[in-house]
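Notes follow the structure.
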Amino acid sequence: AFADALAWEAFLVDGLGLAMLSPGDPRQPRPSADLALRAGAWLGSDRADGLWRVLLDERLIPPPVFRYACERLGSGPVRVWLGGVPVRGELRMRQLFLRSAFLSYGGSYLESRYLDLPELATSAGRGAAL
């Protein structure tokens with residue numbers, strides 16, 4: 001479902017030149033609180049159907065759609081907004097750490113703040129692009 005929706009968005013924006021909505025742009029309507037909660041739950045998930053694992057799956061996300069997603073996730077206003085969405089109780093996305101990259105520094109102190117996504121800590125492939 002997400003892969004199809006992302007492919008359509010990439011086609012409409014990149015292929016047809018439609019303007020994209022940006023949740024962090026003050027000139028556009030603010031996203032609802034419900035959308036922020038749902039986005040946060042998805043961003044903070046390290047399950048198989050979570051955003052990061054779906055994006056890393058080359059069978060689900062073709063290269064042009066992956067490039068589009070990286071571009072969207074890397075844009076300033078979107079990155080700021082996504083960093084502030086609630087992911088786990090009071091935690092915000094910007095307060096989470098990759099277990100594979102930070103366990104040796106934070107140990108059990110950061111236990112509830114880890115995402116178990118070793119693929120994102122790699123220096124090659126899709127993990128490096130994200």
Side-chain angles (χ1 to χ4, degrees):
F2 166 70
D4 294 335
L6 185 61
W8 272 110
E9 182 179 336
F11 170 74
L12 293 171
V13 173
D14 284 349
L16 298 181
L18 295 178
M20 67 178 103
L21 290 175
S22 177
D25 188 339
R27 298 168 294 176
Q28 294 185 3
R30 298 272 313 150
S32 69
D34 181 54
L35 177 63
L37 289 172
R38 286 187 289 141
W42 203 34
L43 284 165
S45 173
D46 48 18
R47 294 183 1 208
D49 62 347
L51 172 72
W52 308 114
R53 291 202 191 271
V54 171
L55 282 176
L56 290 168
D57 190 338
E58 294 179 15
R59 294 169 295 139
L60 294 175
I61 307 293
V65 176
F66 179 76
R67 284 191 298 276
Y68 172 79
C70 288
E71 182 181 310
R72 284 298 304 264
L73 290 170
S75 79
V78 172
R79 190 174 58 240
V80 169
W81 184 78
L82 290 176
V85 297
V87 290
R88 297 178 188 162
E90 298 297 316
L91 286 177
R92 305 292 181 200
M93 186 62 201
R94 65 177 163 260
Q95 295 172 311
L96 295 182
F97 299 87
L98 290 173
R99 180 183 304 276
S100 54
F102 291 96
L103 181 64
S104 60
Y105 301 109
S108 62
Y109 172 74
L110 298 174
E111 189 57 42
S112 65
R113 296 175 182 243
Y114 285 130
L115 277 175
D116 286 317
L117 300 168
E119 301 93 344
L120 287 178
T122 65
S123 60
R126 287 192 167 192
L130 285 172

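What's counted below: heavy atoms across the whole structure, side chains too, no hydrogens, waters or symmetry copies. Numbering starts at 1 and runs along the sequence shown.
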Ser32 meets the side chain to side chain contact (heavy atoms under 4.5 Å, CB included) criterion, sequence neighbours left out, with Asp34, Leu35
Would you please name every residue forming a salt bridge (charged side-chain N to carboxylate O under 4.0 Å, His left out) with Arg67, sequence neighbours left out?
none
Under 3.5 Å: donor-acceptor pair, side chain of Trp52, backbone of Leu43
yes
Taking every non-hydrogen atom, the tightest pair across Gly50 and Ser45
CA-OG, 4.0 Å
Considering non-hydrogen atoms only, spot the tightest contact between Ile61 and Phe66 and give its length.
CG2-N, 3.6 Å
Backbone N/O of Gly83 and side chain of Arg92: donor-acceptor pair under 3.5 Å
no
Nearest heavy-atom neighbours spanning Leu55 and Ala69:
CD2-CB, 3.8 Å
State yes or no: do Leu91 and Val80 share one hydrophobic cluster built from I, L, V, M, F, W and Y residues joined by side-chain heavy-atom distances below 4.5 Å, directly or via other members?
no
Residues Phe102 and Tyr114: closest non-hydrogen pair is O-OH, 3.6 Å
Restricting to non-hydrogen atoms, name the atom on Arg47 and the atom on Arg53 that form the minimum distance, rounded to 0.1 Å.
O-CD, 3.4 Å
CG of Asp46 to CG of Leu98, rounded to nearest 0.5 Å, is 10.0 Å
Between Val78 and Arg72, does the side chain to side chain contact (heavy atoms under 4.5 Å, CB included) criterion hold? Intermediate values first, please.
CA-CA 7 Å; Val78 172; Arg72 284 298 304 264; 4.2 Å; yes
Grab the two heavy atoms, one from Leu37 and one from Pro86, that are nearest each other, plus how far apart they are.
CD2-CG, 3.6 Å
How many angstroms lie between atom CG of Leu51 and atom CG of Leu82, to the nearest 0.5 angstrom?
8.5 Å
